[in-house]
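Throughout, residue positions are numbered sequentially from 1 according to the sequence presented. Everything quoted here is computed from the prediction, not taken from an experiment.
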Amino acid sequence: ELTPGIIYGVGTPHTTSDWRLATRYDYDAVFGTALNRFCVQAALGQPITVYGAGRQTRGFTDLRDMVRCVELVVERPGPAGELRVFNQFTEQWSVLELARRVQRVARCLGLDAKLKHVDNPRTESESQCFNEVPSGLLELGLDPHLLTDETIAGMLELALANRDRVRPETIAPKVSWRSGGVGGRPDHLRVAA
(Lines give C-alpha, C1' and ligand atoms only; values in the text may rest on other atoms or scores of the structure.)
Protein backbone atom coordinates (compact mmCIF):
# COMPACT_ATOMS: atom_id res chain seq x y z
CA GLU A 1 0.00 0.00 0.00
CA LEU A 2 1.34 3.42 -0.95
CA THR A 3 0.35 6.23 1.37
CA PRO A 4 1.15 9.32 -0.71
CA GLY A 5 2.22 12.69 0.55
CA ILE A 6 1.40 15.88 -1.30
CA ILE A 7 2.52 15.61 -4.90
CA TYR A 8 4.00 18.60 -6.72
CA GLY A 9 5.46 19.15 -10.14
CA VAL A 10 3.94 19.33 -13.57
CA GLY A 11 5.45 16.55 -15.58
CA THR A 12 7.40 13.38 -16.05
CA PRO A 13 9.67 12.55 -18.99
CA HIS A 14 6.69 10.79 -20.61
CA THR A 15 4.09 13.52 -20.06
CA THR A 16 6.38 16.28 -21.30
CA SER A 17 7.13 14.40 -24.52
CA ASP A 18 3.70 15.20 -26.00
CA TRP A 19 1.36 18.08 -25.12
CA ARG A 20 -1.61 15.66 -25.17
CA LEU A 21 -0.19 13.95 -22.09
CA ALA A 22 -0.01 17.16 -20.04
CA THR A 23 -0.83 16.77 -16.36
CA ARG A 24 -3.30 18.85 -14.38
CA TYR A 25 -2.12 21.90 -12.47
CA ASP A 26 -4.58 22.27 -9.61
CA TYR A 27 -4.24 25.57 -7.77
CA ASP A 28 -7.69 26.03 -6.24
CA ALA A 29 -8.29 26.41 -2.51
CA VAL A 30 -9.79 22.94 -2.04
CA PHE A 31 -7.89 20.45 -4.21
CA GLY A 32 -4.86 22.46 -5.30
CA THR A 33 -1.69 22.09 -3.30
CA ALA A 34 -0.29 25.09 -1.46
CA LEU A 35 2.84 25.02 -3.62
CA ASN A 36 0.84 25.22 -6.87
CA ARG A 37 -1.43 27.93 -5.43
CA PHE A 38 1.56 29.98 -4.29
CA CYS A 39 3.13 29.81 -7.77
CA VAL A 40 -0.12 30.89 -9.46
CA GLN A 41 -0.61 33.73 -6.99
CA ALA A 42 2.93 34.99 -7.60
CA ALA A 43 2.43 34.75 -11.39
CA LEU A 44 -0.77 36.80 -11.14
CA GLY A 45 0.82 39.43 -8.90
CA GLN A 46 -1.43 38.42 -5.99
CA PRO A 47 -0.12 38.04 -2.44
CA ILE A 48 0.95 34.50 -1.56
CA THR A 49 -1.65 33.53 1.06
CA VAL A 50 -0.44 31.46 3.99
CA TYR A 51 -3.18 29.88 6.09
CA GLY A 52 -2.70 30.89 9.71
CA ALA A 53 0.90 31.05 10.91
CA GLY A 54 1.91 28.48 8.29
CA ARG A 55 3.52 26.02 10.69
CA GLN A 56 1.50 23.08 9.31
CA THR A 57 4.06 20.57 8.03
CA ARG A 58 3.44 17.87 5.44
CA GLY A 59 5.33 15.31 3.39
CA PHE A 60 5.94 16.18 -0.28
CA THR A 61 6.86 14.13 -3.33
CA ASP A 62 7.83 15.21 -6.83
CA LEU A 63 5.44 13.82 -9.46
CA ARG A 64 8.34 11.99 -11.11
CA ASP A 65 9.06 10.21 -7.81
CA MET A 66 5.41 9.35 -7.27
CA VAL A 67 5.37 7.55 -10.62
CA ARG A 68 8.69 5.86 -9.84
CA CYS A 69 7.39 4.68 -6.46
CA VAL A 70 4.48 2.92 -8.14
CA GLU A 71 6.93 1.30 -10.58
CA LEU A 72 9.21 0.15 -7.76
CA VAL A 73 6.40 -1.44 -5.77
CA VAL A 74 5.10 -3.26 -8.86
CA GLU A 75 8.60 -4.38 -9.93
CA ARG A 76 9.48 -5.65 -6.44
CA PRO A 77 6.38 -7.24 -4.94
CA GLY A 78 6.47 -8.48 -1.38
CA PRO A 79 5.87 -12.09 -0.33
CA ALA A 80 2.36 -13.44 -1.00
CA GLY A 81 -0.07 -12.36 1.69
CA GLU A 82 2.22 -9.69 3.18
CA LEU A 83 0.82 -6.18 3.52
CA ARG A 84 3.51 -3.58 2.91
CA VAL A 85 2.85 0.07 3.70
CA PHE A 86 5.06 2.77 2.20
CA ASN A 87 4.93 6.39 3.32
CA GLN A 88 5.37 7.96 -0.09
CA PHE A 89 7.12 11.28 0.41
CA THR A 90 10.69 12.46 0.12
CA GLU A 91 10.73 15.76 2.02
CA GLN A 92 8.86 17.66 4.69
CA TRP A 93 8.05 21.35 4.45
CA SER A 94 5.90 23.73 6.42
CA VAL A 95 3.44 25.91 4.52
CA LEU A 96 5.42 29.02 5.48
CA GLU A 97 8.71 27.49 4.30
CA LEU A 98 7.14 26.75 0.91
CA ALA A 99 5.69 30.25 0.67
CA ARG A 100 9.06 31.82 1.41
CA ARG A 101 10.78 29.63 -1.18
CA VAL A 102 8.24 30.55 -3.85
CA GLN A 103 8.59 34.22 -2.89
CA ARG A 104 12.38 34.07 -3.22
CA VAL A 105 12.34 32.29 -6.59
CA ALA A 106 9.56 34.56 -7.89
CA ARG A 107 11.62 37.62 -7.00
CA CYS A 108 14.58 36.14 -8.92
CA LEU A 109 12.23 35.99 -11.93
CA GLY A 110 11.35 39.66 -11.48
CA LEU A 111 7.98 39.11 -9.79
CA ASP A 112 6.95 41.28 -6.84
CA ALA A 113 5.80 38.44 -4.59
CA LYS A 114 4.49 39.34 -1.16
CA LEU A 115 3.34 37.03 1.64
CA LYS A 116 0.00 37.49 3.37
CA HIS A 117 -1.24 35.48 6.35
CA VAL A 118 -4.98 34.76 6.28
CA ASP A 119 -7.31 32.96 8.67
CA ASN A 120 -6.99 29.22 8.25
CA PRO A 121 -10.28 27.85 6.85
CA ARG A 122 -9.19 24.28 7.58
CA THR A 123 -9.73 22.36 10.78
CA GLU A 124 -6.14 21.68 11.73
CA SER A 125 -3.81 22.57 14.54
CA GLU A 126 -1.35 25.38 13.89
CA SER A 127 1.31 23.46 15.77
CA GLN A 128 0.64 20.21 13.96
CA CYS A 129 3.78 18.15 14.11
CA PHE A 130 4.43 15.81 11.18
CA ASN A 131 6.81 13.09 12.35
CA GLU A 132 6.41 10.49 9.62
CA VAL A 133 9.40 8.80 8.05
CA PRO A 134 9.54 7.81 4.39
CA SER A 135 9.44 4.04 4.69
CA GLY A 136 10.85 1.42 2.38
CA LEU A 137 10.95 3.27 -0.93
CA LEU A 138 14.57 4.37 -0.68
CA GLU A 139 15.48 0.77 0.12
CA LEU A 140 13.63 -0.34 -3.03
CA GLY A 141 15.81 2.00 -5.09
CA LEU A 142 14.06 5.37 -5.20
CA ASP A 143 16.52 8.13 -6.10
CA PRO A 144 14.42 11.17 -5.15
CA HIS A 145 14.12 14.48 -6.96
CA LEU A 146 14.21 17.00 -4.13
CA LEU A 147 12.45 20.35 -4.38
CA THR A 148 14.86 22.76 -6.05
CA ASP A 149 14.65 26.40 -7.04
CA GLU A 150 14.71 25.19 -10.66
CA THR A 151 11.59 23.09 -10.05
CA ILE A 152 9.81 26.05 -8.46
CA ALA A 153 10.96 28.32 -11.31
CA GLY A 154 9.51 25.84 -13.82
CA MET A 155 6.19 25.84 -12.00
CA LEU A 156 6.20 29.64 -11.90
CA GLU A 157 7.06 29.87 -15.60
CA LEU A 158 4.20 27.50 -16.45
CA ALA A 159 1.80 29.61 -14.38
CA LEU A 160 3.09 32.79 -16.07
CA ALA A 161 2.67 31.27 -19.55
CA ASN A 162 -0.92 30.27 -18.72
CA ARG A 163 -2.02 33.14 -16.50
CA ASP A 164 -4.75 34.11 -18.99
CA ARG A 165 -6.32 30.68 -18.34
CA VAL A 166 -6.28 30.99 -14.53
CA ARG A 167 -9.63 31.38 -12.79
CA PRO A 168 -8.67 33.76 -9.96
CA GLU A 169 -12.02 33.29 -8.20
CA THR A 170 -11.03 29.71 -7.34
CA ILE A 171 -7.89 30.66 -5.42
CA ALA A 172 -9.33 32.25 -2.28
CA PRO A 173 -10.85 29.77 0.19
CA LYS A 174 -14.63 29.65 0.07
CA VAL A 175 -15.20 26.51 2.15
CA SER A 176 -15.10 26.89 5.91
CA TRP A 177 -14.18 23.50 7.25
CA ARG A 178 -14.82 24.74 10.77
CA SER A 179 -18.49 25.60 10.17
CA GLY A 180 -19.08 23.18 7.31
CA GLY A 181 -20.40 26.00 5.17
CA VAL A 182 -19.56 27.72 1.95
CA GLY A 183 -18.99 31.44 1.98
CA GLY A 184 -19.28 33.75 -0.97
CA ARG A 185 -21.47 31.33 -2.93
CA PRO A 186 -22.88 32.93 -6.09
CA ASP A 187 -26.64 33.58 -6.07
CA HIS A 188 -27.34 31.01 -8.79
CA LEU A 189 -25.90 28.31 -6.49
CA ARG A 190 -27.82 29.27 -3.36
CA VAL A 191 -30.48 26.87 -2.16
CA ALA A 192 -33.93 28.45 -2.20
CA ALA A 193 -35.64 28.64 1.19
Which heavy-atom pair separates [X] from [Y] by the least distance, and what is that distance?
X	Y	value
Ala113	Arg107	O-NH2, 3.0 Å
Asp18	Arg20	OD2-NH2, 2.6 Å
Leu72	Gly141	CD1-C, 4.0 Å
Ser17	His14	OG-O, 2.6 Å
Pro144	Thr90	CB-CG2, 3.5 Å
Ala42	Val102	CB-CG1, 4.4 Å

Tell me whether the NZ or CZ atom of Arg37 lies within the 45° cone about the ring axis of Tyr51 and under 6.0 Å from its centre.
yes
Let me confirm one number: the [atom1]-[atom2] distance from [X] to [Y], rounded to the nearest 0.5 Å.
X	Y	atom1	atom2	result
Met66	Cys69	CE	SG	8.5 Å
Thr61	Leu147	OG1	CG	11.0 Å
Tyr27	Thr33	OH	OG1	13.0 Å
Ile171	Asn36	CD1	CG	11.0 Å
Asp112	Gln103	CG	CD	9.0 Å
Ile48	Lys116	CD1	NZ	13.0 Å

With Leu98, which of Val50, Leu35, Ile152 fulfils side chain to side chain contact (heavy atoms under 4.5 Å, CB included)?
Leu35
Can you find a pair of side-chain heavy atoms, one from [X] and one from [Y], that are under 4.5 Å apart?
X	Y	result
Asp62	Tyr8	yes
Thr12	Leu63	yes
Val95	Phe38	yes
Val40	Tyr25	yes
Thr151	Arg64	yes
Asp65	Leu137	no

List the residues meeting salt bridge (charged side-chain N to carboxylate O under 4.0 Å, His left out) with Glu97, not counting sequence neighbours, and say none if there are none.
none
Applying side chain to side chain contact (heavy atoms under 4.5 Å, CB included), can you list everything that pairs with Arg100, at least two apart in sequence or on another chain?
Leu96, Leu115
Is a donor on one side and an acceptor on the other found under 3.5 Å between the side chain of Gln41 and the backbone of Thr49?
yes
Check whether Thr23 reaches the backbone of Val10 with its side chain - one donor and one acceptor, N or O, closer than 3.5 Å.
yes
What residue pairs, at least two apart or across chains, pass salt bridge (charged side-chain N to carboxylate O under 4.0 Å, His left out) with a residue in residues 154-165?
none
Quick check: is Leu158 connected to Leu21 through a chain of hydrophobic side chains (ILVMFWY, heavy atoms under 4.5 Å apart)?
no
One thing to verify: whether Arg68 and Asp143 come together as a salt bridge, which I'm taking to mean a side-chain N less than 4.0 angstrom from a carboxylate O.
no
